[in-house]
Amino acid sequence: MDLRITCIPGDGIGPEIVAEAKKVLDKVAEVYGHKMNYTDILMGGASIDVHGVPLTDEAIATAKAADAVLMGSIGGNTTTSPWYKLPPNLRPEAGLLKIRKALNLFANLRPAYLYSELAGACPLKEEISAQGFDMLIMRELTGGLYFGDRKTIEENGVLKAIDTLTYDENEIRRIAIKGFDIAMKRRKKVTSVDKANVLDSSRLWRKVVEEVAKDYPEVTLEHMLVDNCAMQLVKDPAQFDVILTENMFGDILSDEASMVTGSIGMLSSASLNDTKFGLYEPSHGSAPDIAGMDIANPIATILSASMMLRYSFDLDKEADAIDAAVKKVLQDGFRTGDIMSEGCTKVGCSQMGSLIAERIA
Ligand code: NAD
């Protein structure tokens, strides 16, 4: 298969971790007989330095012409970097918002998986972490409270702020379909999270999710109120497969789920539109404090490349091979500094990429 991939190395550790993800993808191509066609574009600070803006229209056109986008991370030190003296619409992060909008990326996926080898980093009680967990949070990304009308007014000398939470049935249906499609590739369980005991938007959410569920008889659907979900994530995370939820609830729950894994350098993510197209990136930032030192953990980006193969190219076997190679490297005792523990062998970013590539079978 010919894969057209736009790469955004970005800033800070971005170029180092994307190089390692490419190394692993190239090995997958060699073993499984595919052809990777990469085109790099600039975004964030790297684009500001060359073009004066965080993302050009030409770069967007290049991204649109590909089948998927693989990104490192963007941004610099927000206190010292000259990029943050610019107006907000010209700062590095504006590039990210612009590309998400231009590509209509409405579905955000964040897996939270506890590797038994890294269970020591999990902040939960041992009897809970011993069960392990493997969940994926599917968050609606372009609607709800963050995109509704908002204003602050003064009434009788009292300031009053108003935010509006709106969802129409089409916005709910398209993310629900994504959630069920992805559950079909996993353990076939969807937990739809809402606040249907209070909010009309949640009652509509529940109704539409139930309609969509009828087309997926193999998937078990359960509903959970968001406050209960926040508790269950720390009490019994093993119960979850796909958590499907709206924008603000997903924002909060996905950070909570990430934290219970305890390892920021391991967390991948994807943002999808209603075709197979997606943008894949680690959940962490550009870590300017360790940029250029060959000590960053490339695994989150390598696992993002695995998600890309699975969700944009339907190459499940190849994605499984990457996931298995990551697990094997951890079993073999190799660690970057951020996940280092006693008795393990410390390696740099580039060596970690090579060790994973070597284990692709
Ligand atoms: P960060 O995630 O970059 O770093 C937080 C801490 O985690 C740092 O100590 C860093 O060294 C460490 N860390 C992060 N990733 C690591 C990895 N792969 N291996 C080893 N250690 C790692 O968060 P921050 O410092 O708050 O942000 C730095 C910059 O990144 C800012 O400009 C911010 O806006 C940007 N950012 C970008 C994205 C993105 O590109 N999507 C996301 C978050 C933050």
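In listed order, ligands and their atoms are each counted from 1. All residue numbers in this chain count up from 1 along the given sequence.
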Worksheet entry | Qualifying salt bridge (Lys or Arg N to Asp or Glu O under 4.0 Å) pairs with a residue from residues 111-123, counting only residues at least two apart or across chains | Glu117-Lys327

Discussion item. Applying salt bridge (Lys or Arg N to Asp or Glu O under 4.0 Å) as the test, list every pair that has at least one member in residues 262-288; sequence neighbours left out.
Written reply: Arg100-Glu281, Lys276-Asp314

Worksheet entry | Short side-chain donor-acceptor distance under 3.5 Å, Arg110 and Ser258 | yes

Worksheet entry | Residues Glu30, Lys27: salt bridge by 4.0 Å N-O rule | no

Response to the item:
Lining ligand 1 at under 4.0 Å, by non-hydrogen atom distance, are residues Ile13, Met71, Ser73, Ile74, Gly75, Gly76, Thr78, Tyr84, Glu93, Leu96, Ile264, Glu281, His284, Gly285, Ser286, Ala287, Pro288, Asp289, Ile290, Ala296, Asn297, Asp338

Throw together a table of side-chain donor-acceptor distances under 3.5 angstrom for residues 175-183, partners on residues two or more places apart or in other chains.
| residue | atom | partner | partner atom | Å |
| --- | --- | --- | --- | --- |
| Lys178 | NZ | Asn273 | O | 3.0 |
| Lys178 | NZ | Thr275 | O | 3.2 |
| Asp181 | OD1 | Tyr216 | OH | 2.7 |

Worksheet entry | Side-chain H-bond candidate by donor/acceptor type, Tyr113 with Asp323, under 3.5 Å | no

